[in-house]
Protein chains: 2
Amino acid sequence: MVTIADVARHAGVAPSTVSYVLTGKRSISPQTRTKVRESIRLLGYHPHAGARALATSRANVVALVLPLRHGVHLPVVMRFVTAAVTTARRHDMDVLLVTADQGAQGLRRVAGSAQVDGFLVMDVELDDDRVPLLRQIAQPSVLIGRPAAVKGLTCVDLDFEAAGARCVDHLADLGHRYIGFLGAPSVVYQRNTGYAQRTMAGFGAAAMRRGIASTALPAEDDYESVLASVRSLLRTQPAMTALVVHNEAALGWVAGSLRALGRRVPDDVAVVAICPDELAEQMQLTSVQLPAEELGRQAMELLVARLNGHPAAPVTLLPPKLSGRASTAPRLRRA
Amino acid sequence: MVTIADVARHAGVAPSTVSYVLTGKRSISPQTRTKVRESIRLLGYHPHAGARALATSRANVVALVLPLRHGVHLPVVMRFVTAAVTTARRHDMDVLLVTADQGAQGLRRVAGSAQVDGFLVMDVELDDDRVPLLRQIAQPSVLIGRPAAVKGLTCVDLDFEAAGARCVDHLADLGHRYIGFLGAPSVVYQRNTGYAQRTMAGFGAAAMRRGIASTALPAEDDYESVLASVRSLLRTQPAMTALVVHNEAALGWVAGSLRALGRRVPDDVAVVAICPDELAEQMQLTSVQLPAEELGRQAMELLVARLNGHPAAPVTLLPPKLSGRASTAPRLRRA
DNA sequence: CCTCCGAGTTGAAGCGTTTCGACAACATTA
DNA sequence: TAATGTTGTCGAAACGCTTCAACTCGGAGG
């Protein structure tokens, strides 16, 4: 391995001078600078990351903690990952992959060994057992998702309340007055999953605000259950002309269920989904997107900022974006 | 930060003793061992990764180089990643994420700075510009995929020849005598993508071997093109009763195209896909799987073996597995 | 009884950086 | 001219760990 001493010898200067050329922390005469640069190039010198980490107590690596639970939409995770990595690289940082199955234990290990300078934790739930740990450790962290208590944390999330509301507004603007909501499986609401509850809340509040009748039900992810839920919605509210679906797994069965119950999309019932854009595109559904790239980028930027000592707001919410597609159409005024 | 010296002081021994307790490289009396262990636990000591890397010239980290090209199937990549990470952790290694867009340049940087002990490179093509570099650098590497020249490398791959052949055999056993092959978009064959060509080759050879008439065509990934390709296949070989599809993007249009041309699946034309299992499951297609987990696991095991100085075969091929589903059915003997 | 040996422990020398204080050499000010 | 900065460079001391050579201390072997 070629060391800084080799470079120094080759350039006829002291090792410290080489270091200063590299870091720019002291003024160096143009002559020596170019001489050193040349030696570095010639010898193919790369600073030893470990040595540097030891000397500076900075690893220039951040940990990316990924969920691998069954049920997370993998393409979205990947999108997020690439955005995060790209952003990290732009700040000369590398990314260490930590899987959520390693748990709080794994985080403690990585943090304790000073392998990373910070953490980016995806898929944080309302009551996440990693949060207390993240508060303890020396390294700053940024969370994707929003736990119950965000004090002292830095969280980034899609504004799910606004997303739910956005769906209502879109449908209301089209003339719909009776709207249904098909949510995640009931277990998702049972374990405290923030985004599901928040979407519901936003949906409900918006409907009230616009004077619209709304009904909500969870949906399991098989055809029979979806059919049952949709039937139940229609029975409760026979005049229902629009449906908001916040359940990726159920999405595939919604149109079929409606059809089976004698309703066509969008003529009889309009559908708006809250889901990854590619799914919506594939099924030609009007949808509110899950902005994976934007989340990844933002989260990493915030983390880098915190690493550089800048403060950050506890919560950053991304505004929802709605893309109109074939599953909603202007509602004709009825008699 | 709590250092090894702190632990040593607390336990009343020398730092070196603590180190030996940790690494087990010298015999330590049971008393001191437990005493030291206790101090470690009490103080919450974790060895500083950088310092360790510096002293041992081993980072205990491997780089995972991921493709992010458009067109790779993200869920498969994720599956692969999780298997690789899990396996790495089992050997007390961590994983540094490197995206392919950082190119050979990025690999050189990571290798040069001794950040990692080895490389796991996904999605290697026949003529990959990273291969020469991988040969040069100090760290060993394992490739997923097979470049043209594998001498001195360690590659893991699905046996695509066998996969192509397996499809033919399955269909031949069901009584089919005229089989078509719908391949990747032609650009994929133009740039040298090993797996596509190998599958074709295996398919063709098996057909010859079984005395079966075969025709092959590429397919672009929109409905019109797929339809055109299928029509063309049927025109060339009107007696065709089975189709092997090696094109994830086209998969969705195949049944539709056949239907549009008056053929039902599986009664008129049986279909076998070579694709990720979940896609096949979703569309109820008989398929040869892409064993992402197995590839990830095997690749990482091989890499770890090489890191420990064990030699490894240049090429490890995983046998294809076929899962029967609704898109193929036994062929009735015709008059 | 002396020597030799092995088990257990230690001190110190690295590993490759960064960074602080010191020091020339020269320019500026009083 | 003497005092005072400024600029560019250097030497040496960390940073926290591993590991080698050396040492001590019982016990076994002659």
Side-chain angles (χ1 to χ4, degrees), chain A residues 1-37 39-40 43-61 92 94 109-117 138, chain B residues 1-37 39-40 43-61 92 94 109-117 138:
Chain A
M1 168 159 216
V2 31
T3 75
I4 202 174
D6 298 330
V7 174
R9 206 170 311 125
H10 185 272
V13 298
S16 45
T17 304
V18 178
S19 177
Y20 287 125
V21 168
L22 246 27
T23 63
K25 298 197 174 171
R26 284 212 181 165
S27 54
I28 295 286
S29 74
Q31 303 91 287
T32 31
R33 202 201 329 273
T34 55
K35 206 170 39 177
V36 168
R37 289 244 174 84
S39 300
I40 288 178
L43 302 184
Y45 167 72
H46 288 271
H48 187 288
R52 187 170 259 190
L54 182 55
T56 57
S57 20
R58 270 275 227 153
N60 285 316
V61 177
D92 259 303
D94 278 289
R109 182 182 60 82
V110 171
S113 65
Q115 262 185 113
V116 303
D117 305 322
Chain B
M1 168 163 217
V2 32
T3 76
I4 201 173
D6 298 330
V7 175
R9 207 170 310 123
H10 185 272
V13 298
S16 44
T17 304
V18 177
S19 177
Y20 287 125
V21 167
L22 246 28
T23 63
K25 297 200 175 171
R26 290 229 176 149
S27 53
I28 296 285
S29 74
Q31 303 90 289
T32 28
R33 202 202 327 274
T34 53
K35 206 170 39 178
V36 168
R37 289 243 174 84
S39 302
I40 289 179
L43 302 184
Y45 168 71
H46 288 270
H48 187 288
R52 189 170 255 189
L54 183 53
T56 58
S57 19
R58 271 276 226 155
N60 284 317
V61 176
D92 260 303
D94 279 288
R109 181 182 62 82
V110 171
S113 64
Q115 261 187 113
V116 303
D117 305 322

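Throughout, a chain's letter reflects where its sequence line sits, starting with A, and its residues are numbered from 1.
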J.: Does dT19(C) have its OP1 or OP2 closer than 4.0 Å to a side-chain nitrogen or oxygen of Lys25(A)?
T.: yes

J.: Starting from P on dG16(D), measure out to CZ on Arg58(A) and report it in whole angstrom.
T.: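 Rounded to whole Å, this separation is 17 Å.
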
J.: Between P on dC15(D) and CG on Asp6(B), what's the gap in Å once rounded to a whole number?
T.: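 Rounding to the nearest Å, CG of Asp6(B) and P of dC15(D) are 11 Å apart.
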
J.: Just how far is it from atom CD of Gln115(B) to atom NE2 of His46(A), taken to the nearest 0.5 Å?
T.: 11.0 Å

J.: Between the side chain of Asp117(B) and the main-chain N/O of Ala59(B), is any donor-acceptor distance below 3.5 Å?
T.: yes

J.: Within the 4.0 Å limit for protein heavy atoms, which parts of nucleotides 4-12 of chain C are touched? Write it as a string from 5' to 3', B for base, S for sugar-phosphate only, - for none.
T.: ---SSBBB-

J.: Just grab all the salt bridge (Lys or Arg N to Asp or Glu O under 4.0 Å) pairs involving residues 1-24 of chain A, residues at least two apart or on different chains.
T.: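 Salt bridge (Lys or Arg N to Asp or Glu O under 4.0 Å) check on residues 1-24 of chain A returns Asp6(A)-Arg9(A).
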
J.: Just the rounded figure in Å: distance from P of dG16(C) to CZ of Arg9(A).
T.: 11 Å

J.: Between atom CG in Leu54(B) and atom P in dC15(D), what is the gap in whole Å?
T.: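 Nearest whole value for this atom pair: 14 Å.
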
J.: Using whole Å, report how far CG of Leu22(A) lies from C1' of dT18(C).
T.: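 For the pair Leu22(A) CG and dT18(C) C1', the rounded distance is 11 Å.
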
J.: Using whole Å, what does the distance between atom C1' of nucleotide dC15(D) and atom CD1 of Ile4(B) come to?
T.: 14 Å

J.: List for me each residue that meets side chain to side chain donor-acceptor pair (under 3.5 Å) alongside Ser29(A), sequence neighbours excluded, and say none if there are none.
T.: Thr32(A)

J.: Under the rule for side chain to side chain donor-acceptor pair (under 3.5 Å), what residues qualify as partners of Arg37(B), not counting sequence neighbours?
T.: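 Expected list: none.
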
J.: Kindly list each side-chain donor-acceptor pair under 3.5 angstrom involving residues 14-25 of chain A, sequence neighbours excluded, with atom names and distances?
T.:
unit_1, atom_1, unit_2, atom_2, d
Thr23(A), OG1, Ser19(A), O, 3.2
Thr23(A), OG1, Lys25(A), N, 3.4

J.: Just the rounded figure in Å: distance from C1' of dA14(D) to NE2 of His48(B).
T.: 13 Å

J.: Is Arg52(B) near enough to dT18(D) that one of its side-chain N or O atoms lies under 4.0 angstrom from OP1 or OP2?
T.: yes

J.: Return the CG to CZ distance between Asp92(A) and Arg109(B), rounded to the nearest 0.5 Å.
T.: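 Between atom CG of Asp92(A) and atom CZ of Arg109(B) there are 7.0 Å.
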
J.: Could you work out how much the helix from dC1(C)-dG30(D) to dA30(C)-dT1(D) bends, comparing the axis of its first five pairs with that of its last five, to 10°?
T.: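 Answer for the end axes of this duplex: 50°.
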
J.: Rounded to the nearest 0.5 Å, how far apart are CG of Asp94(B) and OG of Ser113(A)?
T.: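 Rounded to the nearest 0.5 Å, the CG-OG separation comes out at 7.5 Å.
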
J.: Look at all strands and tell whether Ser19(B) reaches a base, only sugar-phosphate, or nothing, counting heavy atoms closer than 4.0 Å.
T.: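 The residue Ser19(B) makes base contact.
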
J.: Can you tell me how far the NE2 atom of His48(B) sits from the CE atom of Met1(B), to the nearest 0.5 Å?
T.: 5.0 Å

